[in-house]
2 protein chains.
Amino acid sequence: MTECSGDLRARRRMRTADTIRKAALRLVVTRGIDNVTTEMIAHEAGISLRTFFNYFAFKEEALMPPPIDFDEGAIACFNEGKGSLLNDVATLLLTQFEDVDEDRAQLRVLFELSQTHPKLVLVRDKAFQQYEEIICKLIAGRLKVAPDALRPRLMAACIAGAIKVAMSGWVRSSEGTAADHVRRALAALETLFSEN
Amino acid sequence: MTECSGDLRARRRMRTADTIRKAALRLVVTRGIDNVTTEMIAHEAGISLRTFFNYFAFKEEALMPPPIDFDEGAIACFNEGKGSLLNDVATLLLTQFEDVDEDRAQLRVLFELSQTHPKLVLVRDKAFQQYEEIICKLIAGRLKVAPDALRPRLMAACIAGAIKVAMSGWVRSSEGTAADHVRRALAALETLFSEN
DNA sequence: TGCAAATTTTGCATAGCACGCAATATCAAC
DNA sequence: GTTGATATTGCGTGCTATGCAAAATTTGCA
């Protein structure tokens with residue numbers, strides 16, 4: 001087994017997972033979440049019900065955004081540290097929110113569902129939790145400290161929280177891009193607690 | 001129907017909910033979460049299975065901490081604003097973590113479960129989400145701005161995140177009280193992003 | 001006390017979730 | 001092509017969670 005094989009299979013897995021995600025989102029958006037069963041999702045994605053659970057631990061997980069992966073160069077650039085840490089984090093993260101606005105309709109639906117449907121609130125927060133862990137490791141790497149040290153953890157918690165607040169405000173307000181909201185929220189962190 | 005009746009029934013409801021919570025926690029701690037069904041919890045609490053779902057929307061919700069309520073005087077005191085906002089928030093919130101250490105064993109179990117069991121991660125984060133909303137309203141009240149303004153939202157997100165980090169570190173480290181960890185984390189927020 | 005209304009509890013039925021297991025199919029490498 | 005590894009699938013099963021209506025309990029009031 002060469003290294004190529006595992007890579008091929010990994011790709012295939014990701015492609016299938018993405019197919020399922022799209023199918024789930026499509027059904028939920030059109031029919032409403034209460035009228036969508038895992039069986040429907042599986043059928044829509046062209047797989048068996050059983051296979052669905054090979055990819056996702058539970059139904060709602062198919063509605064979570066897929067794990068993010070940054071550009072290698074961007075991470076290296078971030079680790080060198082050109083400006084203030086907060087600025088550099090913002091620069092790195094904002095690349096993720098540039099093209100969000102195309103899917104604004106779907107994202108808005110998801111966030112709105114999150115506010116009414118209890119289980120989706122849980123799912124949304126779990127997604128941000130994973131996001132927080134990634135940010136924590138990035139910051140720890142740049143500060144050259146352990147990932148479970150207090151500072152990187154606190155910073156990551158605040159940054160992830162700010163992004164959540166920003167996205168939440170974005171889907172409500174409808175003015176400005178997602179990136180705008182995130183940028184503003186992150187900028188506000190710097191003097192949040194030090195100015196009064 | 002006097003106002004007393006609703007009060008009585010509300011009390012009774014809270015008492016029953018608490019009974020269920022204790023039963024659920026007891027069973028989960030002793031038998032492990034995978035070996036506990038809602039039927040067992042209901043039986044342990046002396047109610048029917050159907051009644052369980054009159055109190056909790058889903059099984060894991062019975063493992064969440066009950067909604068907090070602050071002392072009226074403490075809130076009034078907080079709204080007057082004697083020191084810095086961060087300090088006063090810390091003072092107000094820390095009253096909630098004074099007596100946590102008795103239940104350290106149970107809390108530790110819950111947090112450990114949260115790290116292995118996917119669904120409990122969701123539940124834990126939902127609890128913190130509710131916590132965040134309460135904090136947000138408190139801060140908005142003190143700042144005399146709308147609860148969905150950016151500043152109180154960001155502050156609440158950071159504070160709730162810091163508390164989550166602190167509790168997480170506390171159950172790991174085993175040294176110092178929970179209040180100590182929370183106090184340290186909140187204090188660190190002030191200069192988190194402004195000093196480099 | 002006793003009656004009537006409101007509320008809560010409960011049993012029953014049911015659709016859907018989620019997983020273990022074993023058989024089958026698919027794929028990569030030699 | 002054969003072989004070993006991985007993925008998919010069907011089947012069976014126990015549990016979750018909800019609607020509905022009957023029964024029990026609680027409350028206010030006469």
Side-chain angles (χ1 to χ4, degrees), chain A residues 1-21 23-25 27-28 31-64 113 116-123 126, chain B residues 1-21 23-25 27-28 31-64 113 116-123 126:
Chain A
M1 176 188 292
T2 72
E3 70 174 20
C4 173
S5 85
D7 207 41
L8 279 181
R9 285 188 159 144
R11 281 168 193 275
R12 180 175 163 71
R13 273 196 79 80
M14 277 199 288
R15 217 158 12 101
T16 306
D18 221 56
T19 303
I20 301 176
R21 276 196 207 92
L25 206 57
L27 285 178
V28 166
R31 312 180 54 123
I33 186 166
D34 290 319
N35 303 322
V36 174
T37 68
T38 48
E39 204 159 13
M40 292 182 202
I41 299 174
H43 181 263
E44 177 87 5
I47 57 171
S48 75
L49 169 65
R50 192 61 188 78
T51 300
F52 176 92
F53 288 103
N54 286 338
Y55 282 86
F56 299 97
F58 49 95
K59 177 177 143 186
E60 291 84 0
E61 194 174 0
L63 296 174
M64 285 177 53
L113 285 177
T116 57
H117 209 82
K119 281 191 179 172
L120 277 185
V121 179
L122 307 192
V123 168
K126 182 182 180 184
Chain B
M1 180 187 288
T2 71
E3 69 172 17
C4 174
S5 85
D7 208 42
L8 278 182
R9 283 186 160 144
R11 282 168 191 275
R12 180 177 162 72
R13 275 196 79 81
M14 277 199 288
R15 216 157 14 100
T16 306
D18 221 58
T19 303
I20 301 176
R21 277 196 207 92
L25 205 57
L27 285 177
V28 167
R31 311 181 53 126
I33 187 164
D34 291 318
N35 303 322
V36 173
T37 68
T38 48
E39 204 160 11
M40 293 182 202
I41 298 175
H43 181 263
E44 177 86 5
I47 57 171
S48 76
L49 169 65
R50 192 62 187 76
T51 301
F52 176 92
F53 288 103
N54 285 339
Y55 282 86
F56 299 98
F58 48 94
K59 177 178 144 184
E60 291 83 0
E61 195 175 358
L63 296 173
M64 285 176 53
L113 285 177
T116 57
H117 210 81
K119 282 192 178 170
L120 276 185
V121 180
L122 307 192
V123 168
K126 182 182 180 185

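Chain letters run A, B, ... following the sequence lines, proteins first, then strands; residues in each count from 1.
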Q. With a non-hydrogen cut-off below 4.0 angstrom, is A:Ile47 in contact with a base, only sugar-phosphate, or nothing?
A. sugar-phosphate

Q: Measure from CZ on A:Arg11 to C1' on D:dA7 and round the result to the nearest Å.
A: 19 Å

Q: Ignoring backbone atoms, test whether A:Thr37 places a side-chain nitrogen or oxygen under 4.0 Å from the OP1 or OP2 oxygen of C:dG16.
A: no

Q | Min side-chain heavy-atom separation B:Leu63-B:Ile33 under 4.5 Å | A | yes

Q: Verify the contact: side-chain N or O of B:Ser48 to OP1 or OP2 of C:dT9, cut-off strictly under 4.0 Å; return yes or no.
A: no

(Q) The side chain of A:Arg13 is closest to which nucleotide in this list: C:dT9, D:dT18, D:dA7? (A) D:dA7

Q. Does any N or O in the side chain of A:Thr51 come within less than 3.5 Å of the main-chain N or O of A:Asn54, such that one atom is a donor and the other an acceptor?
A. no

Q: Please report the C-alpha distance between B:Glu61 and B:Tyr55 in whole Å, then the side-chain angles of each, then the deciding distance to 0.1 Å, and finally whether the side chain to side chain contact (heavy atoms under 4.5 Å, CB included) criterion is met.
A: CA-CA 9 Å; B:Glu61 195 175 358; B:Tyr55 282 86; over 6 Å; no

Q) Stepwise, does the side chain to side chain contact (heavy atoms under 4.5 Å, CB included) test hold for A:Met64 with A:Phe56? A) CA-CA 10 Å; A:Met64 285 177 53; A:Phe56 299 97; over 6 Å; no

(Q) Please report the distance, rounded to the nearest Å, between CD1 in A:Ile41 and C1' in C:dA18. (A) 13 Å

Q.
Tell me the interatomic distance from B:Arg15, atom CZ, to D:dT26, atom P, rounded to whole angstroms.
A. 11 Å

Q. Considering heavy-atom distances to DNA chain D, does B:Arg12 or B:Lys59 have its closest nucleotide positioned more toward the 5' end?
A. B:Lys59

**Q.** B:Asp34 CG to C:dG20 C1', straight-line distance once rounded to whole Å
**A.** 13 Å

Q. What is the distance, rounded to the nearest whole Å, between atom CZ of B:Phe56 and atom C1' of D:dT18?
A. 17 Å

(Q) Does D:dA7 have its OP1 or OP2 closer than 4.0 Å to a side-chain nitrogen or oxygen of A:Tyr55? (A) no

Q) Is there a donor and acceptor pair, one atom on the side chain of B:Arg9 and one on the base of D:dT26, closer than 3.5 Å? A) yes

(Q) Output the rounded distance in Å from CD (B:Glu39) to P (C:dG11). (A) 10 Å

Q | Nearest-Å distance for atom pair CG/C1', residues B:Asn54 and D:dT25 | A | 14 Å

Q: Using atom NE2 of A:His43 as one end and atom C1' of C:dG16 as the other, report the distance to the nearest whole Å.
A: 18 Å

Q) Distance-only, no hydrogens or angles: does the A:Lys59 side chain make a donor-acceptor pair with backbone N or O of A:Val36 under 3.5 Å? A) yes

Q) Do A:Arg50 side-chain and D:dG12 base share a donor-acceptor contact under 3.5 Å? A) no

(Q) Under 4.0 Å, counting only non-hydrogen atoms across every strand here, what does B:Phe52 touch: a base, just sugar-phosphate, or nothing? (A) nothing

Q: Determine the contact category for A:Thr38: base if any of its heavy atoms lies under 4.0 Å from a base atom, sugar-phosphate if only primed atoms, P, OP1 or OP2 are that close, otherwise nothing.
A: sugar-phosphate

